[in-house]
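First up is the structure itself, then whatever we jot down about it.
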There are 2 protein chains.
Amino acid sequence: MTSLRKTSSPTSSKTLQRSPCVVSNVLEIIGDRWTLLLVRDLLFFNKHEYKEFLASPESIATNILADRLKKLVNEGLVGEITHPENKSRKLYYLTAKGKDLMPILVEIVRWGAAYLPETAEMRVIFERIKSNPDLLKAQILESLEQWEHQILNAH
Amino acid sequence: MTSLRKTSSPTSSKTLQRSPCVVSNVLEIIGDRWTLLLVRDLLFFNKHEYKEFLASPESIATNILADRLKKLVNEGLVGEITHPENKSRKLYYLTAKGKDLMPILVEIVRWGAAYLPETAEMRVIFERIKSNPDLLKAQILESLEQWEHQILNAH
DNA sequence: AGTATCTACTTGCAAAATGCAAGTGGATCT
DNA sequence: AGATCCACTTGCATTTTGCAAGTAGATACT
């Protein structure tokens with residue numbers, strides 16, 4: 001869509017309606033492997049820093065990571081602040097809009113659990129989804145809010 | 001991932017585990033704009049033919065469409081038969097595995113309804129999701145099964 | 001104070017995926 | 001038999017991705 005080189009416009013979610021269909025418009029924002037993997041990291045794995053995203057097993061390239069973070073921030077799904085203990089670091093976190101992607105992620109995990117060979121890494125989340133998905137969602141939100149309380153409020 | 005030119009391997013869902021994470025592996029299959037738009041067409045808009053997919057407002061290119069249909073069939077999300085009334089036409093339909101993507105699609109629509117400017121086209125589905133999502137799901141499955149009964153069983 | 005290191009990027013370039021326009025080949029219609 | 005419809009395929013230009021290397025600012029180390 002937008003070139004990697006071009007600085008994306010600062011005005012947020014200008015989402016020019018390409019299609020009359022919501023699904024299509026949503027996919028313009030998150031219908032890309034890397035974007036959703038970042039949301040996964042923010043949501044399920046408590047990652048908040050550039051280097052943490054880089055360390056994910058899918059090994060995203062640095063330019064793609066920078067690009068996707070910028071887009072996520074521009075779309076208002078993610079916020080950023082400088083690390084309270086180190087000016088050269090940044091912290092990224094999900095906004096309400098970003099957190100609300102959780103149901104989508106949960107359904108993705110559920111589908112994967114049903115149809116894909118099992119993977120150890122996600123086993124815990126599988127089980128929690130199977131036994132009580134609403135509880136899992138609540139607990140994830142709770143842990144995100146705790147982080148926010150510690151970091152954002154102090155900021 | 002695989003080149004467009006190369007004929008994708010006939011052995012279905014060989015899904016080589018690139019990542020230990022389910023989300024990542026699911027996204028290898030459906031984490032692409034066009035693929036999910038085809039699922040949308042099959043699920044929400046009762047489309048079953050190549051030309052119908054081409055007619056969607058996002059105007060997919062013919063080579064991409066052919067490629068994605070092939071992948072969907074290889075992954076076992078979609079099945080195909082020749083049109084009962086015309087050998088040169090084909091009918092595509094969702095398998096159980098494909099239909100089970102519905103919760104993901106529904107959550108995408110729900111998120112879009114909450115955060116994106118409203119679009120007339122999807123209004124009806126919005127409302128049905130809001131008032132009774134499980135009923136909607138049941139009704140969609142029912143209508144797909146009716147189609148299957150008409151077409152597939154007769155085949 | 002000066003140098004190394006860490007951190008979040010940017011840049012250049014090759015390879016892959018996408019989009020577009022124009023075929024192709026088989027089935028059907030007239 | 002010729003035209004038309006249909007599901008693709010092909011060639012090529014453009015865009016996006018992936019990789020490796022660089023850069024600039026902040027911190028840590030001596």
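Basis for what follows: all heavy atoms, side chains included, without hydrogens, waters or symmetry-related copies. Below, read A as the first sequence line, B as the second, and so on, with proteins coming before strands; counting in each chain starts at 1.
Between A/L65 atom CG and C/dT7 atom P the separation is 14 Å, expressed in whole Å. A straight line from CG of A/L54 to C1' of D/dA20 spans 14 Å, rounded to a whole angstrom. Atom pair B/I64:CD1 and D/dC8:C1' shows a separation of 13 Å (rounding to whole Å applied). Whole-Å rounding puts the A/L91 CG to C/dC9 C1' distance at 16 Å. Atoms OH (B/Y50) and P (C/dA27) sit 18 Å apart, rounded to a whole Å. Rounded to whole angstrom, the span from the CD1 atom of A/I60 across to the P atom of C/dT10 amounts to 13 Å. Atom NE2 in B/H83 sits roughly 12 Å away from atom P in C/dC29 (whole-Å rounding). Regarding A/E80, its CD atom lies at a distance of 11 Å from the P atom of C/dA8, rounded to whole Å.
Side-chain proximity of B/S88 to the nucleotides C/dG19, C/dG26, D/dT27 is greatest for C/dG26. Listed candidates were D/dC8, D/dG25, D/dA21. Nearest to the side chain of A/T62 is D/dA21. Checked against D/dG18, D/dT9, D/dC6, the side chain of B/K51 finds its nearest nucleotide in D/dC6. Each of C/dC9, C/dT18, D/dG25 was ranked by its minimum atom distance to the side chain of B/D32; first place goes to C/dT18. Closest to the side chain of B/N63, from the set D/dC6, C/dC9, C/dC20, is C/dC20. Out of D/dC6, D/dT9, D/dG18, the shortest distance to the side chain of B/R89 is found at D/dC6. For B/K87, the listed nucleotide lying nearest its side chain is C/dT28; candidates were C/dT28, C/dA8, C/dC9.
Using a 4.0 Å cut-off between charged nitrogen and carboxylate oxygen, B/E142 and B/K137 do not count as a salt-bridge pair. Note on A/K90 versus A/E49: no salt bridge recorded, every NZ/NE/NH1/NH2 to OD/OE distance being 4.0 Å or above.
Residue contacts shown for A/F53 are absent, as no nucleic acid heavy atom lies under 4.0 Å away.
The two residues A/K97 and A/G76 make their nearest non-hydrogen contact at CB-O, 3.7 Å.
When the options B/V78, B/L94, B/I29, B/I30 are evaluated for a side chain to side chain contact (heavy atoms under 4.5 Å, CB included) with B/L72, the one that passes is B/V78. A side chain to side chain contact (heavy atoms under 4.5 Å, CB included) with B/M102 holds for exactly one of B/L144, B/L136, B/L43; it is B/L43.
A/R68 has a side-chain polar atom (N or O) that falls below the 4.0 Å cut-off from OP1 or OP2 of D/dT17. Between A/Y92 and C/dT7 there is no side-chain polar atom (N or O) within less than 4.0 angstrom of OP1 or OP2. Listed pair A/W34 / D/dT17 fails the phosphate criterion, with no side-chain N or O lying under 4.0 Å from OP1 or OP2.
Mapping A/N86 and A/S59 onto DNA chain D by nearest heavy atom places A/S59 closer to the 5' end of the strand.
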